[in-house]
Protein chains: 2
Amino acid sequence: MLQTRLLETAIEQFGMHGFEGASTREIARASGTAMSSITYHFGSKEGLYLACADYIATRIRERHAPALDLVADLSGIDREAAVEHCLTIIDNFAVIMIDPESANWARFIMREQHSPTEAFERLYHGVMKDMIDGFSALLGRACPDLAPQELRALSMLAFGQALVLRAARASVCRALGTDNLGEEEARLLRARIRVNSLAILTGGNA
Amino acid sequence: MLQTRLLETAIEQFGMHGFEGASTREIARASGTAMSSITYHFGSKEGLYLACADYIATRIRERHAPALDLVADLSGIDREAAVEHCLTIIDNFAVIMIDPESANWARFIMREQHSPTEAFERLYHGVMKDMIDGFSALLGRACPDLAPQELRALSMLAFGQALVLRAARASVCRALGTDNLGEEEARLLRARIRVNSLAILTGGNA
DNA sequence: GTCTATACTACGATAGAC
DNA sequence: GTCTATCGTAGTATAGAC
């Protein structure tokens with residue numbers, strides 16, 4: 001599919017060089033087609049950029065489907081199970097942050113986090129909102145004494161532990177004395193995230 | 001100082017639009033000078049970019065001087081004091097991540113985290129290395145049972161909690177239902193980070 | 001040291017053949 | 001639906017006046 005090939009190349013290029021820095025000529029060339037195909041299929045460079053946001057949201061939603069199902073129905077879940085579900089979701093997120101595959105669209109999203117455009121709206125309402133809302137609700141079962149606003153803050157901080165593995169990847173690698181995050185490093189990091197998260201959920205905020 | 005004015009404008013522009021996206025013309029114009037001044041003072045666009053990295057490293061080092069002093073001499077520090085110092089440093093970092101002033105150079109650094117260039121070397125050896133090494137050593141006093149590699153992993157994860165406030169700023173704001181992180185949100189977030197960090201240091205990893 | 005003027009390249013968009 | 005050709009604009013770098 002030409003459109004898909006263009007989208008995946010574009011996400012890579014937009015992530016690597018930014019919106020202004022990426023060139024439609026190069027995106028087309030790397031996709032094995034002519035630049036005017038972008039105009040034809042997406043209207044303009046900006047149209048392509050927004051289509052990338054939708055594409056990313058869909059892909060993430062697919063990948064997080066198990067986690068979203070986990071929080072879909074909270075009725076009759078006890079506190080211990082809620083804690084365990086939280087740990088699973090955070091670990092799930094950590095795996096994605098470690099995975100090299102997340103590099104391309106992570107950079108795309110990071111850029112939007114700093115100065116959001118229409119593309120951020122599509123990402124947020126396409127997948128982020130449901131993840132944050134769902135996780136906060138689940139967290140409420142694990143930490144029943146926290147106010148709603150505190151739960152939302154805690155959600156973001158908990159994700160932050162895993163996010164750093166992508167957002168500050170180069171520093172993490174340096175700190176661990178490695179070139180990239182292989183299986184050994186992944187095991188170490190996920191284990192620590194689990195221990196930390198358990199302490200947060202059962203110690204400090206219980 | 002013309003050079004300083006150019007550097008600060010450049011950091012803003014490089015952060016906002018990326019290396020390729022930022023234009024030397026615009027940087028010069030916003031600094032109130034001609035574009036050829038950049039060539040004269042920094043050699044080229046790339047020279048300006050690298051000079052920005054050095055400038056950022058120096059600025060951060062200034063700002064983190066109290067924290068770096070804190071970890072300079074660990075002799076005769078007891079465990080309780082080490083925990084308290086860790087909490088102070090993490091809070092210090094959180095304040096910087098919340099501060100709007102960090103936005104410009106944070107974007108610059110984030111870009112380098114994803115695909116490091118020579119500029120990352122200058123940032124890392126200019127300030128990051130000392131911060132990570134120092135904090136890991138301090139953490140070793142707070143959590144004496146952890147192996148050195150685990151301490152380094154834990155350091156990065158602990159910073160991650162604060163980093164998310166800058167790296168995923170737009171999502172954090174949405175989650176908290178606010179347009180920006182004001183005093184009220186800052187108080188809430190810092191309090192939670194402190195509680196979480198205390199739980200991590202004394203509960204899960206003690 | 002800072003300016004103007006200019007050479008050269010690459011960009012996004014569009015028109016029109018097929 | 002995909003291509004080639006081309007237009008107008010904006011980029012970096014450089015040369016040379018002052």
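First the proteins, then the strands, lettered A, B, ... as listed; each starts at 1.
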Q: Using side chain to side chain contact (heavy atoms under 4.5 Å, CB included) as the criterion, list what pairs up with Arg174(A), not counting sequence neighbours.
A: Phe120(B), Glu121(B), Tyr124(B), His125(B)
Q) Which nucleotides of nucleotides 1-14 of chain C have their base under 4.0 Å from a protein heavy atom (B), which only their sugar-phosphate (S), and which neither (-), written as one string 5' to 3'? A) BBBB------BBBB
Which donor-acceptor pairs under 3.5 Å do side chains of residues 49-57 of chain B form with protein atoms, sequence neighbours excluded?
residue: Tyr49(B); atom: OH; partner: Glu112(B); partner atom: OE2; Å: 2.6
residue: Asp54(B); atom: OD2; partner: Arg122(B); partner atom: NH1; Å: 2.7
residue: Tyr55(B); atom: OH; partner: Glu8(B); partner atom: OE2; Å: 2.6

Q) What's the CD1-P distance between Ile27(B) and dA10(D), to the nearest Å? A) 17 Å
(Q) Once salt bridge (charged side-chain N to carboxylate O under 4.0 Å, His left out) is applied, do any residues pair with Glu150(A), and if so which ones, sequence neighbours excluded? (A) Arg192(B)
Counting only pairs under 3.5 Å, give me each side-chain donor-acceptor contact of residues 178-188 of chain A, with atom names and distances, residues two or more places apart or in other chains.
residue: Thr178(A); atom: OG1; partner: Asn180(A); partner atom: N; Å: 3.4
residue: Thr178(A); atom: OG1; partner: Asn180(A); partner atom: O; Å: 2.9
residue: Glu185(A); atom: OE1; partner: Gly182(A); partner atom: N; Å: 2.8

Q. Who are the salt bridge (charged side-chain N to carboxylate O under 4.0 Å, His left out) partners of Arg29(A), not counting sequence neighbours?
A. Glu26(A)
